[in-house]
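In the text below, chain A, chain B and the rest are named by the order of the sequence lines, each starting its count at 1. Reckoned from all heavy atoms, side chains included, excluding hydrogens, waters and symmetry mates.
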Amino acid sequence: MQYWLVKSEPNECSIEDFHRSPGIPIPWDGVRNYQARNFLNQMAQGDAVLLYHSSCQHIGISGILNVTRTAYTDPLQFQPESPYFDAKSKVDKPRWVAVDMVFTQKFSGIVPLARLKSLTALSECYLFTHKRLSVMPLTFQEFTLMEHLGGLPT
DNA sequence: GCCAACGTTGGC
DNA sequence: GCCAACGTTGGC
């Protein structure tokens with residue numbers, strides 16, 4: 001079992017989108033950063049993923065997802081009308097991958113970024129050491145701490 | 001291989 | 001809207 005954190009602007013994809021469709025896997029696609037892609041490739045079925053809402057009113061962790069399908073070719077890279085189109089990616093040698101994730105838990109409230117920043121136990125977290133990365137691994141300790149914060153009243 | 005220019009992310 | 005961080009591109 002591995003632990004991850006993924007970022008998304010909630011107007012693109014939020015915990016609500018997953019909550020609305022329990023049991024229905026949703027593609028996590030459009031990742032266009034090599035380090036993030038490499039982490040997507042490492043994901044295994046059943047891995048636990050914290051969802052982080054960025055660039056919005058309530059920045060922070062909104063809930064938990066689980067990986068249901070490991071990395072596969074992201075079809076958006078071949079669709080010229082998609083904002084995630086990549087003209088340099090070839091069908092016989094795709095650059096980008098997607099995984100599928102399913103709803104697991106919506107926190108009672110967003111765990112705010114400021115709260116996460118205040119905890120020394122998270123000071124070495126990828127969230128702070130690799131500021132602009134959108135897919136990152138978490139240690140078991142980091143994951144369980146953030147999961148616990150999500151279960152507390154806000 | 002170096003590095004300046006440029007573009008994007010994302011908090012504030 | 002600003003700007004720091006930082007990844008990518010392309011000339012040399």
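Atom CG in A:N33 sits about 10 Å away from atom P in B:dT9, given to the nearest Å. In this structure, A:H53 atom NE2 and B:dG10 atom P are separated by 13 Å, rounded to whole Å. Distance CD (A:Q57) to P (B:dG10): 19 Å, rounded to an integer number of Å. Atoms CZ (A:F39) and C1' (C:dG7) sit 15 Å apart, rounded to a whole Å. Computed from coordinates, the A:L116 CG to B:dC12 C1' distance equals 16 Å when rounded to whole Å. A:R95 places its CZ atom 11 Å from the C1' atom of C:dT9, with the value rounded to the nearest Å. With rounding to whole Å, A:H58 atom NE2 is found 15 Å from B:dC12 atom P. Rounded to a whole Å, the CZ atom of A:R32 is 20 Å from the P atom of B:dG7.
Scanning for side-chain contact (heavy atoms from CB on, under 4.5 Å) contacts around A:L119 gives A:L122, A:L145, A:L149, with sequence neighbours left out.
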Reading nucleotides 1-6 of chain B from the 5' end, what letters show protein touch, with B for base, S for backbone sugar-phosphate only, - for no heavy atom under 4.0 Å? ------
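Applying the 4.0 Å criterion to OP1 and OP2 of C:dG7, one finds that A:K131 has every side-chain N and O outside that range. Side-chain nitrogen and oxygen atoms of A:Y52 include none within less than 4.0 Å of the OP1 or OP2 phosphate oxygen of B:dT9. At the phosphate of B:dT9, neither OP1 nor OP2 sits under 4.0 Å from any side-chain N or O atom of A:K7.
No hydrogens or angles considered: nothing links the side chains of A:D100 and A:W28 as a donor-acceptor pair under 3.5 Å. In the model, A:S54 has no side-chain atom that pairs as donor or acceptor with a side-chain atom of A:E9 under 3.5 Å.
Using a 4.0 Å heavy-atom cutoff across all strands shown, A:S54 reaches sugar-phosphate atoms only and no base atom.
Cation-pi geometry between A:R69 and A:Y72 is satisfied (NZ or CZ under 6.0 Å from the ring centre, within 45° of the ring normal).
The side chain of A:Y34 approaches C:dT8 more closely than any other nucleotide in the set C:dT8, B:dG11, B:dG7.
A distance below 6.0 Å separates the ring centres of A:F143 and A:Y3.
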Apply salt bridge (Lys or Arg N to Asp or Glu O under 4.0 Å) to the pair A:D86 and A:R32, showing each step before the final yes or no. CA-CA 9 Å; A:D86 182 351; A:R32 295 293 180 268; 5.5 Å; no
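Applying the 4.5 Å side-chain rule to ILVMFWY residues, one finds A:F78 in the same cluster as A:V91.
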